Amino acid sequence: MPPTTQTELPSQYNPADVEAAINQRWRDAGADHAEPTNPGPPYAIVIPPPNVTAALHLGHALNNTLQDVLIRHRRMCGDNAVWFPGTDHAGIATQTVVEKRLLMQEGKKRTDFERDAFVARVQAWKDEYEQIITSQLREMGCSCDWQRQAFTMDEPRAKAVREAFFRFFKDGLIYRGKYLVNWDPATQTALADDEVEMQDVDGNFYYMRYPLIGPPLSTGENYVTVATTRPETMLGDTAVAMHPDDPRAEELKDRMVLLPIVDREIPIVFDNYVTRPDPDSDDPKARMSSGFLKVTPAHDLNDWEIGLRHQLPIINVMAPDASISVDHGWPAGEKPLDNPDVKPLVGLSREDARKAIVIWFKDHGMMEEVKPYRHAVGHSYRSHVPIEPYYSDQWYLKVTDDRLRGAALRAMAPDQYAGSYKAADGIGGPGPDGEPRMPSAASYSGHLRFTPARYAKTFQTWHENIRDWCISRQLWWGHRIPVWSKTFNVPADQLDKQIGPQHTGETTQAYENDDGTFTVYWVMRDLKPDRIEAIESAGWAQDPDVLDTWFSSALWPMSTMGWPQDTPELETWNPTSVLCTAREIITLWVSRMVMFNLYFRGTLPFKDVFIHAMIQDGFGQKMSKSLGNGVDPFDIIHSHGADAMRFTLTSMTTHTQDVRMPVDIVDPHTGETVTPDFITTPGGHKVAAPTQNHSGKEMVSSFGLASGQAAPSDDAPLARNTSEKFDLGQRFANKMWNAVRFSLGNLTAEPGDGGARALPDRWVLSRLARTIADADAALGRYAFAEYATTLYDFFWRDLCDWYIEAIKPTVADNPDQQHVLATCIDASLRLLHPAMPFITERLWQGLGDAWPRRGVAGLALPPSELLMKAAWPDADAGLIDEDAERDFDMIQDVVGAVRELRQTHKVPPRQVIETTAKAPAAIAQKLLEYRSITCGLANTIGRGVGPDVDKPAAAAVAIVGAIEIYAHGIVDTDAERQRLTKRADELAKQIKNLEGRLANKAYVEKAPEKLVNETREQLTAAQREAKSVNDQLAAL
RNA sequence: GGGCGAUUAGCUCAGUUGGCCAGAGCGCUUCGUUUACACCGAAGAUGUCGCAGGUUCGAGUCCUGCAUCGCCCACCA
C-alpha cells in the first residue's frame, strides 16, 4: 500500500495505484463473506445473474453498483448482509453467439457437432465469459460473497431445476400441450416471445374469394371475400370467420365454403374477434377488413384461438423449414398429391408458395383486390427471418393456475394493487368457499413492493393477461428436460401394468393419441445412471429439448441458497431484502421468481423490487451490441477509476425511466478523447461513424471485441470508450483525496477530544448530523441520487469550501479543532464508502495512522480493521445546533457580501481591505466574536463593528439583512452605482410582488399563517434593504 | 393496438405531499496559482418550466386536451 502521510501522497488521485491493493486487502480479510449464523438482522440480495453471452456493459455496472451501495451500507449498519453472485446460462442467446462464432471462425454449423461436443464448446465459452464478468465485478469493487458464486446450470442449480420440474409435474402444473410456438425456420428452433423482434414490413393485403357451397346470397354473390396478408397459409384453412353482429351473418348461418385449390369444405363460424369493415374507422384493420377472416389454426396464433373456440381441425401445411409440405399434418384423406392444383406447391418455400397462390387466384379471377399494407412482422432475433407460428408439441407450466398467478397477485402490497381483477375471475380474492386461496396471505412475509411504484402496474397487468408458459426449447444449451417417453398400444386399463413401478422421485403422465395409443411421460428427479439405463433399455427415450432459460432463473433466489435442501441460508436470507433490476425483465423474471418462491416455500423471494433506469446513448437509443454504442465498465475504470464510475452512476439514479450517456472514444495511442461523428442508419438509428485515430486508422471499440462481435485485427487499434459524464465522479474523488491530504498535514497535535468547539466546529458537526440522517433516509427510499448529492454537497460545499477554509488560520494550534476535522473526515469517508469503496478505504487507513481516535459525544466512530467493516455513523440529534447554523449562515452571507464587493470593485485578491459593519447590537456582538472567520475567508480586516459605527462617505456598501457592511477606500463609483441600481430594481420588484400577495385578502385568509408571517417578514426585510440601498445611491 | 415515461439554463439532469425570487454539474464570462486540490478557488450571466385550457389565495408540481421524443408489452386479417 502506498505511503500515508500527506507529503508522500501525490497531489492527484490515481485510482490505479489504489484499487488493486485495496481489493486484495478485502479479499485477504474475507470481508465480503457472510454466514447465516453471523449476528445482526439478515439482509440479502441475489444478483440478477448476467448472461454469459458477453462481457458486462454500463447497464450492468449501474445495476451492480446500486446493489453494492445497498449491501455495503447495510453491512456497515451491522446487518448480516450477503450478496449472492452468479451468472446465467442464457440458453438461446449463448447458443446463438457460439454458433455464430463457430461459423465465422471454423465454418462449422451446430449440426456438424455431436450434441455433447457442441455443448462442450458452449461450456468453454461460458467459462471464458464467466471469468471476464467475475473480474469486471471485482474490479468495480462489488462486495459479492464470492464463496457463494453460482451458475444457473451448475449441478446444485440443476438439482433445484429437476426438483421444481418434478413437483410441478406431479402436482399437474406441468403438462404436455400442442401449441403454436415462434418458429425460426432458418435455424429450426423455437424462440421465446422476447426473442422475437418486431419489424415493420411493406406487404400487401390480398382479398381472395372463397366460393360458397349452395345458393348464392341475396346480393347475388356466390362467394365470400377474405382479407389476408398471408395467402400461402390458406392451404391450412379450416374455417372462415365473421363477426356475429355483421349484417350478413344471418344469411350465412350454417353455410360452408369450398376452399380454393385444396377443395376442402370448411364452415363459416362466428367470432367476436373478427373486425367488422368500416372505411371511416381510425383502426386500419377496420378500414382493410372485408368482414371475413380466413382461419388457419396451425399457422396463426389468433386463428389457433378461434380454432379452439370452435373446435376446428388443425392442419399444418409446412415442414420445419417453412416449405409447403403434406407430411406434417395434412389430412391424408384429402390426397393432396393427387390434386393437380396442390401438387406444384409442395416443396415451395413460403415466399414462393405465396407468389404461386396469388397467381392462381388471379388466373382464376378470384383475386378481388391487392392493397399495399405496412405492418409489424415478428422476426427471429437470431437469423432475422420472419417467424413462423408453428404447431408443435411442447411442455407447459400452468402459470394461470391460482396457486401461481393468484398467489403472485395476492402477494402485492395492497396499496400498489389496482384491483381490477375480482374474485369472480379467480384472482385477487378469496376462493369460492370464501377462504383465502393457497398459499394464504398470512403465510407471506410481508408484501411485494415496487419502487418506483408505477412498476407495480406492469407486474399486475402482466399477471392478469398471462398465458400458460411454454417451457420447452428446441436447443442444446440448457437444462435437459428430465422426461422420458414411450408409446403404448394397449387399452387404458392396462397402461399402469405396462409402465411398471416407479421409484421415489419418479412419476408419470399418460396422454392418449389420436390413434388410440398412449404416450407416457416419465419424470425423474434424481438422474441415477442405473435407473436411466433401466428405463432406456426398456424403450423409453429422453426428451431432446431443454428448458426455457427463465425456468432456472425463476428458482435463483432459492437455488443460490441450496434449495431444495432446507439450508440455514434459506432460513436466514430467503426472502431476500430487495431485488434490484431493470424494468425489461419484470415480466420475464421478477414475476416468475415470485410465483416459484411462493409455490415452493410459501414466501416471497424478496420484499422490495427496485427498478432502476436504463442507460441509453447520447441519442436516447438503448445500448446494444448491434449499434456498437455499449460501454465496457473496464473502459471507464481505466479512464476515470472505479469509484468515479460508481459515484456518477449512483448520482444518476433518480426514479426516472431512462438516462442518457453520450459515448466518446479514447484514441489508444494519444489518450485523447474523441467525440465521433454520427451517421443515421436506414433503420433510423444513430451510430458512430467510423472514427480514425491520429494515424488515420479506424478505431474499434473494446466493447465490440469483448462481446465477440468484432474480430480483432492488426489494422484496428483497440479503442476504449468513455463518457465525460464520469468526470463528475473523478473530480469528486480528487477533491476527497486532497481534502484528506490537507487534513493529514494538519493533524499534528497530540489528539484532543474536540471538547472545546468554535462556531465552525459546532456548525460542521450539526451539518454532518443532518447529512447522516438525510443519507439514511435517501438510501431507505432507494433515492440513490439524493444520497450521492447529499454527500457531495456536504463534503465539497460544507466541509471543504467553508469549514476547512474557516479553520485554516486556527487548526494548526488547536487539538480540539483537529479532532473535529478528523471526525468529520472519518464520518464522510464512512458515508461515502458504499458509493466509492476504494478511495474511502484507502484514505481511511491513512487517517487511522494519523489520528487513531475519532468521534465526538453524540457521534461514535468506533475503530475497525477495515472501513468496509466499520460502523455506519449514527449521529445523536443533539449534535444538530440550530444556533450555530443560524450564526454560520450569517457569516456566510457577510463573507459572500464582502467577496461580491471585492469583485465588483476589482480589488486585487491580495489587497487587504478594511471594513466596518453597522448592525443591531446583538448581531454586532456576534460579528466581533466571529471576526476571525470572516477575515480569514474574505481577506478582510473587520474593524469598527457595532451599532454605533458612523456611516462613512465614499465606501462601497453591502447589505445583508440587518447588517450594513462598508468597505473603505475601494470605491469605483460607476460600478457601485450600477450595482446598487440593479439591486434597487430587484428589491422594488420583490416588494411589489410581496405587497401584492399581502393585499390579496384571499391569500391572507386562506394560506397558512406561518406562510403569511413569512411573507410579512420578507417584505419588511426587503423594505429595509431598499431604504439602505437608496440612501447609498443618494450619497453617491 | 395497449401501457409507461420524458419535455425545466447552451448540454446532461434535480425539483418528495401545490407555498421559489426555479436549482446542480458541465459549458460560458471575469478574476485568482510560493496557499490541500487548476481534476482548484471567487464572482457573474443565462429559464414564457413543450403548447392550450382548467382547479386553487397560490401551479414546474394537480386535472383535461394537444404536440414531440423514447421505452416496454402485444397476435402478420
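Keep in mind that what you see is a predicted model, and the values were worked out from it rather than measured. Labels below follow one simple rule: chain letters A, B, ... track the order of the sequence lines, proteins then strands, and each chain is numbered from 1.
Of the candidate nucleotides B/G5, B/C57, B/G32, B/G32 has the atom nearest to the side chain of A/P909. Comparing atom distances between the A/A1007 side chain and each of B/C57, B/C76, B/C39 picks out B/C57 as nearest. For A/R910, taking side-chain heavy atoms from C-beta onward, the closest of the listed nucleotides B/U35, B/A36, B/C57 is B/U35. For A/Q730, counting side-chain heavy atoms from C-beta on, the closest listed nucleotide (B/C39, B/C31, B/A42) is B/C39. The side chain of A/K1006 sits closest to B/C57 out of B/G44, B/C57, B/C76. Here the side chain of A/R899 is nearest to one of B/G41, B/A43, B/C76, namely B/A43. When the nucleotides B/G19, B/C21, B/C37 are ranked by their closest atom to the side chain of A/N734, B/C37 comes out on top.
Across all strands shown, B/C71 forms a Watson-Crick or G-U wobble pair, both distances under 3.5 Å, with B/G3. For B/G65, the paired nucleotide is B/C51, the pair qualifying as Watson-Crick or G-U wobble because both relevant distances are below 3.5 Å. In this structure, B/U56 makes no Watson-Crick or G-U wobble pair, since no nucleotide meets both defining distances under 3.5 angstrom. Checking B/U46 for Watson-Crick or G-U wobble geometry (two distances, each under 3.5 Å) identifies no partner in any strand. Using the Watson-Crick or G-U wobble rule with both distances under 3.5 Å, B/G32 pairs with B/C40. B/C21 makes up no base pair with any nucleotide shown, lacking Watson-Crick or G-U wobble contacts both under 3.5 Å. Across all strands shown, nothing is found opposite B/A9 as a Watson-Crick or G-U wobble partner with both distances under 3.5 Å.
No contact: A/P908 has no heavy atom under 4.0 Å from any strand. Within the 4.0 angstrom heavy-atom criterion, base atoms lie near A/T229. Among the heavy atoms of the strands lying under 4.0 Å from A/K982 are primed sugar atoms or P, OP1, OP2 only; no base atom is included. Contact annotation for A/D801: backbone-only contact, meaning every heavy-atom pair under 4.0 Å involves sugar-phosphate atoms and none involves a base. Using a 4.0 Å heavy-atom cutoff across all strands shown, A/R902 reaches no nucleic acid atom at all. At the heavy-atom level, A/D300 lies under 4.0 Å from the strands shown only through sugar-phosphate atoms. Contact annotation for A/V274: base contact, defined as any heavy-atom pair under 4.0 Å involving a base atom. Base engagement by A/R230 is indicated by at least one non-hydrogen atom pair under 4.0 Å involving a base atom. Nucleic acid contact class of A/F726 (heavy atoms, under 4.0 Å, all strands): none.
Partners of A/D774 according to the salt bridge (charged side-chain N to carboxylate O under 4.0 Å, His left out) rule, which considers only residues two or more places apart in sequence or in another chain, do not exist here. Residues satisfying the salt bridge (charged side-chain N to carboxylate O under 4.0 Å, His left out) test with A/E986, not counting sequence neighbours, are A/R983.
The base of B/A42 lies outside donor-acceptor range of the side chain of A/E805, with no N or O pair under 3.5 Å. Looking at A/K906, its side chain has no donor and acceptor atom pair within 3.5 Å of the base of B/A43. Checked by distance alone, A/E900 brings no side-chain donor or acceptor within 3.5 Å of a matching partner on the base of B/A43.
Spacing of P atoms, B/A36 relative to B/A22, comes out at 38 Å, to the nearest Å. Comparing the C1' positions of B/A24 and B/U8 gives an interatomic distance of 13 Å, to the nearest angstrom. Nucleotides B/U61 and B/G54 place their P atoms 14 Å apart, quoted to the nearest Å. As rounded to the nearest Å, B/G41 and B/G19 have P atoms that lie 32 Å from one another. On the P atoms, B/A45 is 49 Å away from B/G2, given to the nearest whole Å. The same atom, C1', is picked in B/C11 and in B/U16; the two are 26 Å apart, to the nearest Å. To the nearest whole angstrom, the two P atoms, one in B/G44 and one in B/C51, are 29 Å apart. Rounded to whole Å, the C1' atom of B/C40 lies 49 Å from the corresponding atom of B/G3.
Side-chain atoms of A/E1025 do not come within 3.5 Å of backbone N or O of A/V960 as any donor-acceptor pair.
Classification of the A/W589-A/W550 ring pair by plane angle, with boundaries at 30° and 60°, yields tilted. Below 30°, between 30° and 60°, or above 60°: for A/F647 and A/Y792 the angle between ring planes is below 30°, a parallel geometry.
By the 6.0 Å and 45° rule, A/K808 stacks over the aromatic ring of A/F742.
Comment: A/R979 engages A/E976 in a salt bridge, judged by a side-chain N to carboxylate O separation of less than 4.0 angstrom. A salt bridge links A/D271 to A/R309: at least one charged side-chain nitrogen sits closer than 4.0 Å to a carboxylate oxygen.
What separates CG of A/L1011 from P of B/A59 is a distance of 13 Å, to the nearest Å. Taking atom CD of residue A/E1009 and atom C1' of nucleotide B/G19, one finds them 15 Å apart after rounding to whole Å. Rounded to whole Å, atom C1' of B/C76 lies 19 Å from atom OH of A/Y390.
Side-chain contact between A/P386 and A/H379: present, with at least one pair of heavy atoms (C-beta onward) separated by less than 4.5 Å.
There is a side-chain donor-acceptor pair under 3.5 Å between A/N738 and A/R741.
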Anything under 3.5 Å between a protein N or O and an N or O of nucleotides 23-25 of chain B, put it in a table, one pair a line.
from	atom 1	to	atom 2	distance (Å)
B/G25	OP1	A/R797	NH1	3.1

